[in-house]
Amino acid sequence: MKLERTSHIISVLVENRSGVLARVSALFSRRAYNIEGLSVGPTQDPEISRITIVVSVEGHALDQVIQQLDKLVNVIAIEEMHESSSVQIELLLVRVSVTAENQEKLQALVAQHGGKVAEMAPTSAIVSLTDTSAKIEALISALNPFGILELTQSGLVAMRRTI
Amino acid sequence: MSDKNDKKMNGAASLVRSLEHAGVEVMFGIPGGAILPAYDPLYDSTIRHILVRHEQGAGHAATGYAQATGRVGVCIATSGPGATNLVTPIADAQMDSVPMVAITGQVPSGAIGTDAFQEADIRGITMPITKHNYLVTNPADIPQAIAEAFHVAASGRPGVVLVDIAKDALTAETTFKWPTSISLPGYRDHSQPKQGDVDDAAALIAQSSRPVLYVGGGVIKANASRELLALAEASGIPVVTTLMARGAFPDSHPLHLGMPGMHGTVAAVTALQKSDLLITLGARFDDRVTGKLSTFAPVAKVIHADIDPAEIGKNRKADVAIVGDLKLTINLLLPALKAQYAKARPDFTVWIKQVNSWRSTFPLGYDIPKDGALSPQYVIERLGKISGPDTIFTAGVGQHQMWASQFISYEKPRTWLNSGGLGTMGYAVPAAMGAKVGAPDTTVWAIDGDGCFQMTNQELVTCALNNIPIKVAVINNESLGMVRQWQTLFYNERYSNTDLHSKRIPDFTKLADAMGCIGLRCERPEDVDKTIEKAMSINDQPVVVDFGVFRDAMVWPMVAAGTSNDEIMVARELAPDWDSQEL
C-alpha cells in the first residue's frame, strides 16, 4: 500500500468484545473519514485486540478521529504510529503468469526481494512477501512484466520501536 | 432491594432487580413478545411503569423526565418494531446529551441473525446514535450491563445507552449479583479540569476588552447555573445562552443578552460577532449558532470549556481548552480570575455600553395583525407571564419553538426542554409527560405546533389515564409554519405541502375530549388571558388549548442558513441600521 503524505497509522487497543470492529469502522464512515487499510488481530492479552487503521486525513481531522475514537467505551488506548519510530509491516500475496522458460527468473527475482514463491504451478505462481509498504510496492513493480493475475494485501500492522 | 444478594431467579427478575438497584423510580414503555418475561417481575416491582401509546412517546418521556430532574430517564420496548420506534428519541436524546437508558427485548439468541419474527439488529442500528450499547445473551451478564449502562449514561458528557437483551437470557435461571465495581478500561473520566488551563483562561480574560460568556446546554447538565451567575457577576462579562442553555442564566439579569444563532437576538448575535474573546462553556459551535463558520466571531480568541475533549476544536479552534466538568471548571476559574483582576481589573465599560445599546435598539418584537387575528408570539408571551418562572415549558420544533425560546423569560435551569440538536417534531407532548412525572408539583406546559401535535398527541391518553395533568398550548397556524416561512422567504411563496388545514380538521378540542382531556379554544386576543387562566385552574386532568393564530407570522430576527451572522435580518428584507450604531 502506498502511503500518501496525509496518511496516518493509528493503532487502537480495544476490548475484545463482539461488535467492537463495527463500532470502530462505523465511526469512520459516519464522520466521513476514509479508511485506506485495516487490520485486526490478537495481542498478548486474550481480552484485548489491536486494530491498526491507515486513514487519510489532515492534521486537524486526525485529531478529531483520535478524539472521537477515544469516546468509544470499548477503545482502551490509541497511538499514532510514525514511520520513523515504528516497525510497519504488511503482507502481500500475488499470483503471476509463468511459463516453463521464466520460472527460474521469477524464483531469482522473488528471492532478491526477500519474498517466497509459495506455489509454482505450470502456468502461474503465488508469490508472498512480508515487508514494508515500499518493499511491497517494489516487488509488485518488478512482477508486473510477468503479468499479475490476482493480488491481495493485508492491512498494515505496526509496533513502536524501543530505540 | 431488601433481598439478599446472590439470589437465584430468572434473567427477567434479575433485570428488574438491577433496575431497582440502579435507583430507577419510573420507566416508560410498552410490552411485547421478546420483552414480555421482564414485565412479569415488573408487575411486583416498586418501579412505576407508565404504559405509553407509542414507543416514541416512551423515549421522549424518558428524555423529558431526565431533562427536568437531572436523573437518568428509562424507556423499555420489545424487539423489532418496538425497538425501532425508539430510534428517533434515542437519536434525539443523544444529540442533546440527555442521560437515558433504553431497554429492549431481543429475539432468543439462537434466532438472532435469522430474520426471525420481530427481529431487528437494534444494537447495530443504534451504534451511531448512542453513547454505548449492549447485546446481552447470557443472563449472568444482566446486572453488570445495567450497572454500566447507568454509569455511562449519567457520567461525563451524558448520553444514551441501549441494553438489548435476548429473550432466552430473560427466561433462563441465573444468580442475581449486583456488581460492587464497574470496570470499563476504555471509559475515561475527564471531569477534573487542569489548573494550568484554567489559569491560561483567566489570563486571556484579563487581557480581553470585548469578552462574551457563550453558554451552552452543558452548564445545565453540570448543574452549574449558580456558579455561572457568580462568574458573570464577578467578571462583569455579558452572557448569551444557546437554545439548549435557556434558563442556565436568568433572562432578567442585566448581563444577559439573549439567545445567539439563527433566530437569536441582535444583541447576542452581534456581541459574538464583535467579541474579542468567547468564553465558551458547554457549547459546541453548532451551525445554527455560528452561521457561516468561517465568518463567525472573526476576531475573537476562544476559550473552550467542555467535558467532551472531542468537542474542543471540532468546529472552531480553541486558543485555550479546558476539559472538565463545568461546575469544577467555574469553581477554579472564579478565584483565578479574581487573582488576575486584583492585579489589573479590565475595563469593560465601553463594551457593556455597546452591547446594551444593541439590546435597547433591537429588542425582540413582533407585529400585531391589523385584522384582529391572534398573534402567536402574543399567546406565547402571555403563557410565560401568567404561568410564571417556576413553570416547565416543553416545545416541539419549528416557529412555536423559536417563539417559546424568545418570548418566555426563563429564570431557572431545567424549565425549558426542547429538541435542539435533532430537531424532532413531536417532542413536546411526551416530553411534557415525562417532565410532569419527574416534577409532579410543577406546572408543565407543552407549547406545540399543530403539525408537531399531530405526530405524538396520542400520549395525552397516557396522561389522562395515569393522572399526569400536563397542559398543551397548540399554536395552530394550520401550517408546517417554519417550513412555510422558508417557502415565503426562499421559494417565492410557493407553499408546497405545508398547508395542514388544522383549523378545519381535526377539531383539537374534540380530540382532547376524546382522549380524556379538557379541550379549550381561543381565537381572539381579548380571550387569551382568561383562557390561559382557565387552563391553569384545571389540575386534575390534562388540558389542551387550541390557539387559532395568524398564519403569516414569521420568526425574526433571522440569519439565513449558510450565511454569515453579519447578515442578520430583523425583519423581512430589513437589516439592522448599523449606520446609526457605533461598531
Side-chain angles (χ1 to χ4, degrees), chain A residues 6 8 10-35 38 40-53 55-81, chain B residues 91 94 97 109 112-113 121-138 141 144-145 148-149 151-153 155-164 166 182-190 284 293 304 306-318 321 323:
Chain A
T6 53
H8 300 270
I10 305 170
S11 178
V12 186
L13 283 180
V14 297
E15 284 185 89
N16 198 2
R17 298 213 187 178
S18 87
V20 67
L21 178 59
R23 287 181 206 283
V24 169
S25 54
L27 174 75
F28 278 78
S29 72
R30 82 167 182 273
R31 298 271 173 193
Y33 307 130
N34 192 25
I35 295 181
L38 178 76
V40 191
T43 64
Q44 72 280 9
D45 182 341
E47 305 276 299
I48 294 172
S49 296
R50 185 184 297 278
I51 303 179
T52 309
I53 304 159
V55 61
S56 172
V57 284
E58 298 294 343
H60 163 73
L62 176 70
D63 189 50
Q64 262 295 300
V65 171
I66 291 172
Q67 294 291 358
Q68 294 293 346
L69 273 174
D70 199 37
K71 282 168 72 169
L72 296 178
V73 170
N74 295 143
V75 168
I76 298 166
I78 305 162
E79 186 180 12
E80 191 189 354
M81 295 288 185
Chain B
Q94 177 68 9
S97 306
S109 54
I112 291 175
D121 173 18
I122 197 64
R123 184 183 58 157
I125 289 168
T126 58
M127 256 180 208
I129 54 168
T130 53
K131 189 172 173 184
H132 193 49
N133 60 14
Y134 294 85
L135 169 61
V136 180
T137 54
N138 179 351
D141 295 340
Q144 186 75 37
E148 289 181 7
H151 174 67
V152 170
S155 59
R157 179 179 183 172
V160 181
V161 181
L162 176 131
V163 184
D164 192 29
I182 287 172
S183 168
L184 292 166
Y187 186 63
R188 266 166 286 283
D189 177 6
H190 295 291
R284 60 186 177 90
L293 188 60
H304 196 170
D306 203 290
I307 198 158
D308 180 356
E311 285 302 336
I312 309 291
K314 186 182 78 179
N315 292 334
R316 172 75 179 242
K317 186 178 157 294
V323 175

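Just so you know, these numbers use all the heavy atoms, side chains as well, and skip hydrogens, waters and symmetry mates. In what follows, chains carry the letters A, B, and so on, assigned in the order in which the sequence lines appear, proteins first and then strands, with residues in each chain numbered from 1. Computed from a prediction, not measured in an experiment: that's the story for all the values here.
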Members of residues 27-35 of chain A whose heavy atoms come closer than 4.5 Å to chain B = A:R30
Note: vs chain B, highest number of non-hydrogen pairs under 4.5 angstrom among A:V73, A:V14, A:I76 is A:V73
Check side chain to side chain contact (heavy atoms under 4.5 Å, CB included) between B:L293 and all other residues, then give those that pass, not counting sequence neighbours.
-> B:T290, B:N315
Which residues satisfy the side chain to side chain contact (heavy atoms under 4.5 Å, CB included) test with B:I182, sequence neighbours excluded?
-> B:A147, B:E148, B:H151, B:L184
Closest non-hydrogen contact found for A:G19 with B:M127 is O-CE, 3.7 Å
When the 4.5 angstrom heavy-atom criterion is applied to B:I312 and chain A, the contacting part is backbone
Short question: side chain of A:H60, backbone of B:K317 - any donor-acceptor pair under 3.5 Å?
-> no
Is any side-chain heavy atom of B:R123 closer than 4.5 Å to a side-chain heavy atom of A:R23?
-> yes
Could you look at B:D308 and say if it's the side chain, the backbone, both or neither that has a heavy atom under 4.5 Å from chain A?
-> side chain
In terms of heavy-atom pairs under 4.5 Å, which option from B:G156, B:P128, B:G313 contacts chain A the most?
-> B:P128
Considering all heavy atoms, the nearest B:R188-A:V75 contact = NH2-O, 3.5 Å
For A:A26, is it the side chain, the backbone, both or neither that has a heavy atom under 4.5 Å from a heavy atom of chain B?
-> neither
Of all the residues in residues 63-72 of chain A, which have a heavy atom that comes within less than 4.5 Å of a heavy atom in chain B?
-> A:Q64, A:Q67, A:Q68, A:D70, A:K71, A:L72
